[in-house]
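So the structure is just underneath, and the comments pick up after that.
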Amino acid sequence: MAAIPSHASALERLWALTFRVICGLVLLFLIAPILVIIPLSFNAEPYFTFTERMLTLDPEGYSLRWYDNLLTFGMVAPDAPRDAGWWADAWNNATWVRAAKNSAIVGVFATVLATVLGTLAALGLARSEMPARKAVMAILVSPMIVPIIISATGVFFFYSNPGLPLPKLALDPPALRLDFDWKLAGTYLGIILAHTTLGIPFVIITVTATLTGFDRSLVRAAASLGAGPVRTFFRVQMPLILPGVISGALFAFVTSFDEVVMVLFIGAHDQQTIPRAMWNGIREQISPSILAVATVLVVVSVALLTAVELLRRRSERLRGMSPG
Amino acid sequence: MAEPGAAALTTADGMPLRAALARASRRARLRAALLVAPLLLFVLVSFVWPIGQMLLRSVNNVQFAANMPELTAWFAANPRGTPVDEAAFAALAADLRLAAASRTVGTVGTRINYELPGSRSLFTATGRAAGGLEPPYREALLALNPDWGREELWTVMRGASARYTANFYLAALDLRRDAGGGIVRVAPEQRVYVSLFLRTFALSAVITVVCLALGFPVAHLLATLPVRRANMLMILVLLPFWTSLLVRTSSWIVLLQGQGVVNNVLVALGIVDEGGRLSMMYNQTGTIVAMTHILLPFMILPLYSVMKTIPPAYARAARSLGATSWTTFRRIYLPLTVPGIGAGAMLVFILAVGYYITPALVGGASGQLISNQIAFHMQNTLNWSLAAALAALLLAAVLLLYWLYDRLVGIDNMKLG
C-alpha cells in the first residue's frame with residue numbers, strides 16, 4: 001500500500017483511495033477527542049461547546065479563566081492581592097494544586113519501588129535457569145489482567161483489616177491468620193503500595209523484552225576480565241538495558257498517575273489525586289476547569305510519549321537494530 | 001551405568017565433573033530465584049492474598065451464626081423439613097433478646113434482608129420488644145408480627161445459619177433456595193445479574209469487533225508505509241494510549257452530550273433539528289464509543305507488530321500466480337495476520353469485560369457493566385459478600401480468558417507500544 005503502482009486498474013485506484021480515507025477517518029477518531037478539548041479549555045463562557053465568538057476567532061471569546069480557576073479553587077482567600085501570601089495559599093490549599101502534589105508523591109514512590117523490584121525480577125526471569133518461569137511470570141503480570149474493581153475490592157478489605165495467613169500453630173486461641181494493629185487504608189503508604197503492584201507488570205514486560213535482545217556473552221566477557229557480578233551489572237548490563245528500564249518506569253508512573261479506582265476505595269480525603277479530583281469534577285459539578293486540567297494532562301502525555309519514543313530508538317540503536 | 005572413563009573426569013580441584021556441574025546449575029537456579037523472590041513475595045502479599053481473602057468472603061457467613069447462637073444450634077440439631085416448634089421460637093426469642101442487648105440485631109436483620117427484603121425492620125422492631133416476651137414464645141412472637149410465621153423467613157434463616165454458604169453465588173446468578181432447599185430462579189423482576197453478565201459480555205464483544213474493524217486497516221497502513229511516515233502516523237495511535245483515561249472520557253462527554261460539539265454541528269448543518277438532538281451519552285452508545293476509543297490502541301499495536309513481519313513478497317507471489325487482490329487478501333494475507341487478530345481481540349475483550357471507570361461516567365443506566373454493580377454493592381448496599389461473589393465470577397471469566405491468551409499468544413510475547 002506504499003504507493004499505487006502505475007499498472008493498477010481504475011477499480012484498484014479507487015479502492016486504494018477509499019482505503020486511505022477509511023484509515024484517515026479512524027486516525028481522526030483516535031486523535032480528535034484529544035485535540036478538541038484544548039481550544040474548549042480557553043472558553044470564556046462556562047459552556048462545553050464552541051461559542052459563536054470562538055468560531056469567529058474573536059479574542060473576546062477566549063480566556064484563561066479556567067486555568068486561573070485551577071489555582072484559585074479551594075483557596076482560603078482567592079481574591080486577595082497576588083503577593084507571596086497568595087501564592088502560599090494556592091500552594092497549600094487550592095484543590096488542584098494539592099491533587100497534583102499528591103499525584104506526584106504517590107507516582108514517584110510507586111514508580112521507584114516498582115522499577116527496582118521489577119528490574120531485579122526481570123533479570124532473574126530472563127535467565128533460562130529460573131525455576132517455574134512461566135507460572136511466576138503469570139502471577140507477576142496478573143495485576144494488569146485482573147479487573148481493577150476486583151483488585152481494589154481485595155486491597156480495600158486487606159488494608160482495612162490487614163492480616164497474614166498462618167498455618168494452624170499451637171497458638172491460644174488457635175489462629176489461621178496473624179492480624180496487625182495498623183491500617184493501610186487512608187494512608188499514603190497504602191496507595192503507594194497499591195499503585196506499585198499495578199505498575200509492576202509494565203516494568204516486567206518492558207525490561208524482559210529488552211533483555212531478550214541482550215547478548216549474554218558480554219557478561220561472560222566482563223567476568224573473564226575479572227569484574228564481579230555487581231560491577232558487571234552496573235558497568236556492562238545496566239547501561240545497555242537502561243532505555244528499557246526507563247520506559248518501564250514511565251509506564252509504571254503513568255499507571256499510577258492515571259489510576260482512580262484504588263484511590264477511590266482506599267484513599268482518604270487528604271490523599272485526593274488528580275484523577276480522583278477529575279472523577280469528582282465529572283460526576284458532581286462539571287465545569288470547564290476539567291478541560292483545563294485535561295489540557296495540562298495532554299501536554300504531560302505528549303512529553304511522556306516523546307521520552308518513550310526517544311528511549312525506544314536509543315535502545316534499538318544500542319542493540320544494533322535498525323533505528324526506526 | 002556410567003562408562004568407566006566417565007568416572008575419571010574431574011575438575012581441576014579434583015571434584016567429579018558431574019557433581020560440579022550439578023552444583024553450578026543448582027547455584028544458577030538459586031541465583032535466578034533469589035532475584036525474583038522479593039517481587040514475588042511482594043505481589044503475593046499485596047495482591048494475591050488480598051484477592052484470595054476477598055474470595056473467601058463470598059462463602060463466609062458468620063453474621064447470623066455469631067449473633068444468633070441458640071437458633072443456629074436448633075437448626076443444626078433439626079434437619080431441613082422439621083416443623084418449626086415451640087423450642088425454635090424459644091431459641092429465637094432468647095437470641096433476639098441477646099442480640100438486642102448487644103446491639104447486633106441490626107447486623108442480623110441486614111443479613112436476612114439481603115435475601116428477604118423488608119426483614120431488617122422485622123428484626124429491629126422485634127428486638128426492641130424482645131425484653132417483654134413471655135412463653136409461649138410462638139404465640140408471643142406471632143402476636144408481635146405475624147411475619148415470624150412465614151415459611152420463607154425460616155428457610156432464609158436456616159440458610160444464613162451455616163458457617164459457609166453458597167447462597168451469595170446463587171444470588172449472583174439470580175437463584176435462591178425455596179422452602180424445601182431446592183434451587184429455583186428468583187422472581188422475574190428481581191433477575192438482574194445474569195442479564196448484566198450477558199450484557200457485559202455482549203458489549204465487550206461488540207467493542208472488540210468494532211476495534212478489529214477500525215484497527216485492521218490502520219495497522220495494515222502503518223505496517224506497509226515507509227518507516228518515516230509510519231512513525232509519524234504511529235504518534236496518532238500512541239498519543240491516545242498515553243493520555244489519561246479520564247481526559248479521554250471527559251472529552252467524549254464534551255463531544256457527545258445533548259448540547260455537545262457533535263450535536264451542535266449536526267444541528268448547524270441541518271441534519272437534525274433542535275428537538276431531534278441525538279442522545280449519544282449516558283447510555284450504551286456512550287459506553288461503546290468511549291470504550292472503543294480507549295481500547296483501539298490495544299488492538300492496533302499487536303496487529304501492527306504481526307503485520308510488520310509478513311513479507312510483501314507473499315502477496316506479490318500470489319498475484320503473479322493469477323490470484324485477484326481479494327483472493328490474495330483472503331487466502332494469503334488474512335491467515336498470516338490471525339496471530340495478531342487473536343492477540344488484539346483477546347486483550348481488548350479481557351480489558352473490556354472488567355471495565356469500570358468509563359461505564360460509570362458515561363454509561364447512564366443502560367451502559368453499566370458488571371464492575372459497576374460490584375462497586376455499587378461495595379459502596380452503597382454494603383452487601384460485601386454478594387460483591388465478592390460477583391467479583392469471583394468475573395475473576396473466573398477473566399482468568400479463563402487470560403489462560404487462553406497465554407496458550408494462544410504467550411505472556412512473554414506481550415508488548416507495549
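The basis for the numbers below is simple: all heavy atoms, side chains too, and nothing from hydrogens, waters or symmetry mates. Residue numbering restarts at 1 for every chain, and letters A, B, ... go by the order of the sequence lines.
With a threshold of 4.5 angstrom between heavy atoms, Val353(B) does not approach chain A through any atom at all. Only the side chain of Ile204(A) comes within contact range of chain B, with at least one heavy atom under 4.5 Å from a heavy atom of that chain. Both the backbone and the side chain of Ile357(B) come within less than 4.5 Å of a heavy atom of chain A. For Ile37(A), the part sitting under 4.5 Å from any heavy atom of chain B is the side chain, from C-beta outward, and nothing else. Of the two parts of Leu222(B), neither the backbone nor the side chain holds a non-hydrogen atom closer than 4.5 Å to a non-hydrogen atom of chain A. Neither the backbone nor the side chain of Leu25(A) comes within less than 4.5 Å of any heavy atom in chain B. Only the side chain of Val308(A) comes within contact range of chain B, judged by heavy atoms closer than 4.5 Å. Only the side chain of Leu255(B) comes within less than 4.5 Å of a heavy atom of chain A; its backbone N, CA, C and O stay farther away. Contacts of Leu390(B) with chain A are absent, with no heavy-atom separation under 4.5 Å from either backbone or side chain. With a 4.5 angstrom heavy-atom cutoff, Phe265(A) touches chain B only via side-chain atoms. In this structure, the portion of Ile200(A) lying under 4.5 Å from any heavy atom of chain B is its side chain and not its backbone. Contacts between Val48(B) and chain A at a heavy-atom distance below 4.5 Å involve the side chain alone, from C-beta outward. Contact of Val261(B) with chain A is made through backbone and side chain together, with heavy-atom distances under 4.5 Å. The part of Val254(A) that comes within reach of chain B is its side chain, from C-beta onward, which places non-hydrogen atoms under 4.5 angstrom from that chain. Looking at Leu291(A), the atoms closer than 4.5 Å to chain B (heavy atoms on both sides) all sit in the side chain, from C-beta outward. Looking at Leu395(B), the atoms closer than 4.5 Å to chain A (heavy atoms on both sides) sit in the backbone and in the side chain alike. Residue Ser142(A) touches chain B through both its backbone and its side chain, counting heavy-atom pairs closer than 4.5 Å. Of the atoms belonging to Val36(A), it is side-chain heavy atoms, and not backbone ones, that fall under 4.5 Å from chain B.
Among all heavy-atom pairs drawn from Ile22(A) and Pro217(B), the shortest one is CG2-CG, 4.3 Å. Contact detail for Ala121(A) and Val36(B): the closest heavy-atom pair is O-CG2, 3.5 Å. In plain terms, the two heavy atoms of Ile150(A) and Ala391(B) that are nearest each other are CD1-O, 3.3 Å. In this structure, Pro50(B) and Val155(A) approach most closely via the heavy-atom pair CB-N, 4.2 Å.
The aromatic rings of Phe29(A) and Trp252(B) are tilted relative to each other, their planes meeting at an angle between 30° and 60°. Using bins of under 30°, 30° to 60° and over 60° for the plane-to-plane angle, the ring pair Phe241(B)/Phe251(A) lands in the perpendicular bin.
Between Glu309(A) and Leu238(B), some side-chain heavy-atom pair lies under the 4.5 Å cut-off. Counting only heavy atoms from C-beta outward, the side chains of Val146(A) and Tyr402(B) never approach each other to under 4.5 Å. Within the 4.5 Å cutoff, no side-chain heavy atoms of Arg248(B) are placed close to those of Pro33(A). Side-chain atoms of Arg127(A) and Leu35(B), non-hydrogen and from C-beta on, do get closer than 4.5 Å to each other. Within the 4.5 Å cutoff, the side chain of Tyr355(B) has no heavy atoms near those of the Ile148(A) side chain. Using a 4.5 Å heavy-atom threshold, the side chains of Leu245(B) and Glu259(A) count as separate. Using a 4.5 Å heavy-atom cutoff, the side chains of Phe47(B) and Leu140(A) are not in contact. Side-chain contact between Val26(A) and Leu296(B): present, with at least one pair of heavy atoms (C-beta onward) separated by less than 4.5 Å.
No donor-acceptor distance shorter than 3.5 angstrom exists from the side chain of Asp258(A) to the backbone of Ser244(B), with no hydrogens or angles considered.
Taking CZ of Phe42(B) as the start and OG1 of Thr196(A) as the end, the distance is 5.0 Å to the nearest 0.5 Å. Here the CD atom belonging to Gln53(B) is positioned 12.5 Å from the OG1 atom belonging to Thr153(A), to the nearest 0.5 angstrom. To the nearest 0.5 Å, atoms CG (Leu236(B)) and CD1 (Ile31(A)) are separated by 5.0 Å. Atom CZ of Phe158(A) and atom OG of Ser46(B) lie 8.0 Å apart (nearest 0.5 Å). Between the CG atom of Leu239(B) and the CG atom of Leu304(A) there is a distance of 10.5 Å, given to the nearest 0.5 Å. Taken to the nearest 0.5 Å, the CG atom of Leu351(B) stands 6.5 Å off from the CD1 atom of Ile145(A).
Between chain B and the options Leu297(A), Ile34(A), Leu40(A), Leu28(A), the largest number of non-hydrogen pairs under 4.5 Å is found for Ile34(A). In terms of heavy-atom pairs under 4.5 angstrom with chain A, the leader among Ile51(B), Val43(B), Val254(B), Leu233(B) is Val254(B). When the candidates Met54(B), Gln259(B), Gln379(B) are compared by the number of heavy-atom contacts under 4.5 Å with chain A, Met54(B) comes out ahead. Contact tally against chain A (heavy-atom pairs below 4.5 Å) for Val218(B), Val237(B), Asn263(B), Asn372(B): the top residue is Val218(B).
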List the steps and the verdict of side chain to side chain contact (heavy atoms under 4.5 Å, CB included) for Phe157(A) and Met378(B).
-> CA-CA 10 Å; Phe157(A) 288 133; Met378(B) 282 297 295; 3.9 Å; yes
Residues Leu30(B), Glu129(A); criterion side chain to side chain contact (heavy atoms under 4.5 Å, CB included); working and verdict = CA-CA 9 Å; Leu30(B) 188 68; Glu129(A) 303 94 359; over 6 Å; no
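The environment of Arg319(B) atom CZ is dense: over 12 non-hydrogen atoms of other residues, nucleotides or ligands sit within 6.0 angstrom.
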